[in-house]
There are 2 protein chains.
Amino acid sequence: MARKTGKAATISDVAMKSGVSVGTVSRTLNAPDTVRPATLRRVRAIIDELGFQPDARAQNMRRRRTATVGFIVDDISNPLHAITFKAAEAELREHGYWLHLVNTEGKARQEADAIERLQHGRVDGLIMTINNEKDVQCRDRLAALRVPSVLLDREIELAIDAVLTDHAPGLFQATDYLLEIGHRRIALITAGPEIRPGRERVKGFVEAFGRRKLACPHELIRSQRLSPDFGFHEASSLMQGPDRPTAIIAGGNRILVGVLKAIQQQRIVIPDELSLVTCDSTDLTRLYPGPLTVVDRDIEDIGRTAAQLLLERLGDRHNAPARRILVSTRLILGGSCAPSPPG
Amino acid sequence: MARKTGKAATISDVAMKSGVSVGTVSRTLNAPDTVRPATLRRVRAIIDELGFQPDARAQNMRRRRTATVGFIVDDISNPLHAITFKAAEAELREHGYWLHLVNTEGKARQEADAIERLQHGRVDGLIMTINNEKDVQCRDRLAALRVPSVLLDREIELAIDAVLTDHAPGLFQATDYLLEIGHRRIALITAGPEIRPGRERVKGFVEAFGRRKLACPHELIRSQRLSPDFGFHEASSLMQGPDRPTAIIAGGNRILVGVLKAIQQQRIVIPDELSLVTCDSTDLTRLYPGPLTVVDRDIEDIGRTAAQLLLERLGDRHNAPARRILVSTRLILGGSCAPSPPG
DNA sequence: ACGCTTTTTGGAAACGTTTCTAAAAATCGG
DNA sequence: CCGATTTTTAGAAACGTTTCCAAAAAGCGT
């Protein structure tokens, strides 16, 4: 649309027109109980008449805060991130905060840049997930953080609040379930060791074999990246190999997309020819076309919790020690697993 | 994490330490070609040494802009919106803009509130979709818009730039295809007439029957809301009724989720017992478990285009007449339709 | 080395609020 | 109706930049 001509009314326009000082107008807005009722009415009438709204830029400047929180994520079209965002936003909105969303495409460069540049007067705090806990650019930025921050599912030996998922027990449970119904050649496709979910999932997987004193098929662990492409590639090669797995665990919802694509392409029937367990419920897992067996967690809770941690930091817990909140998972049985034929 | 102690360096700290005036430091940053090379080097060294970054709040205030664009949407966990957002963000980022994302849950109140409050110094422009074109709160706000804005798939008789999808031809094509392969009892479940996609889809649907001089089964048009619940409810009742449709068109990706749930629940086999066409490709339509037949469009293009429209407005086209860009659709045949058995 | 032009710089004003201090006005008890 | 007390108000400073203007410095041709 065309920009409205004419400048917006300022606080001094209001002051002028209602015959009081700008200070009084300001107090009318921010501390009405310090203003005489008669004055209050008069000033408010003028405010309405002029349609005055305080300029957020000036407020931010003077108050030294922006009432804005940055949310940095690699891919907002991942529904899990979107749900986390929504939950965090709802919580923060109640406390008067807006959200800056930055989509980094998982590029360390963009992540570091966003962390660096958001801090200097654009946001009062950050909620974020980064793509590589070891990346030196990001770590430097995180070490030099000037605003309260919360990490999502990432673990760094810096004093930063975090909301973490207890992936290892989840994967243990899923793997154990598959072992229980007779599978031995179980594959795991998941993130690499440079992020916590990758490490933890592998850990839980390995442990499930160990607990039963079974040899873990390390050659079936594909721990590298959380992308559909990686899922597709690994699932394809696993299923085309000589000694194919009888079950696959897709460690991540993006991985699942690739795995399903491979399954579709090779016309593999689930669960008859292959059992499938995935992580996190999505529309796809609920509807494909029967529900899949899933290691689930409460994503909204994660967003809400992150927001709460941040709000406490922004409030009176400025300097309290960093906290890590652990969110647990649970196995939900769907129709994508069948007992493995013996031998 | 704990807030860093010690204040951030300001421009005058830099000025002091490097023995020049603040003006010169400012020009070092914003107009280096007006500064003597020797001075430039000296000031830059101090900037690095102190790790000085200009305070965005002060810049926003003084420059009377925020380099931020608001993105208002009812549900960011809808992957279509998320993809639109990503594309718009990528485009805007290249031009130095950040994005404020507001998730309104489709509530007119929150929409109006966001429009109203973002404008006064939080953003330089808006990209948005609203839930009800007729809602008086929102319309008032839109009529009083003070920043350049772009509407996504909404049509309002105000001079506001918009990116619109040509839903009617898309639905015409889909319906015509179903008619062609023998279907007559075709149902359409889609948004209500209070938003453009609802109106346009119904229009294209009706027209397809008309063009073939066939009676349109108006009782099979369910045009109300773009939600999974609505899709589920309508699909369920349609498929349980006495004279059930042989084909359903899910007019919207959220609707599809509900429709598939109903299909799952009633164990209806696609395409043998029911042909299905949906709108917009998602992971679900590509993988369920064969690809669905879909009225597709280029979502990224929509986001990019919206960003470009806005950038032009923010640039030299301040007062140019409003533009509406039409994005077309195309029918992609999947495996979810089969010829209808005669009679 | 001089005056002229051009480049570079310092200093101050401005952006629109909030908040502090002190002064003015209102209230109150007698 | 007076003085003491409390409430309310005006006015100015401050937040950290950018930008304007005028002054200083540098460059240049002779």
Side-chain angles (χ1 to χ4, degrees), chain A residues 6-44 46-47 50-68 96 117 119-124 146-147, chain B residues 6-44 46-47 50-68 96 117 119-124 146-147:
Chain A
K7 305 239 156 288
T10 72
I11 202 172
S12 69
D13 295 333
V14 176
M16 207 91 74
K17 188 144 187 174
S18 47
V20 300
S21 71
V22 293
T24 301
V25 179
S26 179
R27 285 182 357 263
T28 297
L29 295 162
N30 302 308
D33 49 316
T34 69
V35 177
R36 199 156 52 105
T39 316
L40 204 59
R41 272 194 301 279
R42 187 154 37 96
V43 174
R44 283 187 169 156
I46 303 291
I47 286 175
L50 297 182
F52 168 73
Q53 287 265 107
D55 183 297
R57 287 169 299 223
Q59 289 184 317
N60 292 345
M61 163 78 175
R62 173 62 222 221
R63 292 178 168 157
R64 319 205 44 60
R65 63 189 289 271
T66 57
T68 302
R117 298 186 42 214
Q119 296 188 71
H120 294 272
R122 298 208 95 91
V123 304
D124 299 338
R146 321 189 53 88
V147 297
Chain B
K7 305 241 156 289
T10 72
I11 201 171
S12 68
D13 295 332
V14 176
M16 207 92 71
K17 188 146 188 171
S18 49
V20 300
S21 70
V22 293
T24 301
V25 179
S26 179
R27 288 188 346 269
T28 296
L29 296 162
N30 302 309
D33 49 314
T34 70
V35 177
R36 199 157 50 105
T39 315
L40 203 58
R41 270 195 301 280
R42 189 153 36 96
V43 174
R44 282 186 171 156
I46 303 291
I47 286 175
L50 297 183
F52 169 73
Q53 287 266 106
D55 183 296
R57 288 169 298 221
Q59 289 184 316
N60 293 344
M61 163 80 176
R62 173 62 223 221
R63 292 177 168 157
R64 318 205 45 62
R65 63 189 287 272
T66 57
T68 303
R117 298 186 43 213
Q119 296 188 70
H120 294 273
R122 298 208 94 91
V123 304
D124 299 338
R146 323 189 51 90
V147 297

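Here is how names work: the chains are called A, B, and so on, in the same order as the sequence lines, proteins then strands, and each is numbered from 1.
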Take the protein atom [atom1] of [X] and the nucleotide atom [atom2] of [N], then report the distance between them rounded to whole Å.
X	N	atom1	atom2	value
B:Arg64	D:dG16	CZ	P	19 Å
B:Met61	C:dA13	CE	P	16 Å
B:Leu40	C:dT9	CG	C1'	14 Å
A:Arg57	D:dT18	CZ	C1'	14 Å
A:Asp33	D:dT8	CG	P	9 Å

When you check every protein heavy atom under 4.0 Å of nucleotides 17-23 of chain C, what one-letter string (B, S, -) results, 5' to 3'? BBB----
Can you measure from [atom1] ([X]) to [atom2] ([Y]) and round to the nearest 0.5 angstrom?
X	Y	atom1	atom2	value
A:Asp33	A:Thr28	CG	OG1	11.0 Å
B:Asp124	B:Asn60	CG	CG	8.0 Å
B:Arg122	B:Thr68	CZ	OG1	9.5 Å

Is there a side-chain polar atom (N or O) of A:Arg36 under 4.0 Å from OP1 or OP2 of C:dA25? no
Could you tell me whether the side chain of B:Arg57 and the main chain of A:Thr66 form a donor-acceptor pair under 3.5 Å? no
Are the side chain of B:Arg42 and the backbone of B:Ser18 linked by a donor-acceptor contact shorter than 3.5 Å? yes
Shortest side-chain distance from B:Pro37, nucleotide among C:dT8, C:dT9, C:dG10: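 Among the listed nucleotides, the one closest to the side chain of B:Pro37 is C:dT8.
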Is there side-chain contact between A:Val25 and A:Lys17, with at least one heavy-atom pair below 4.5 Å? no
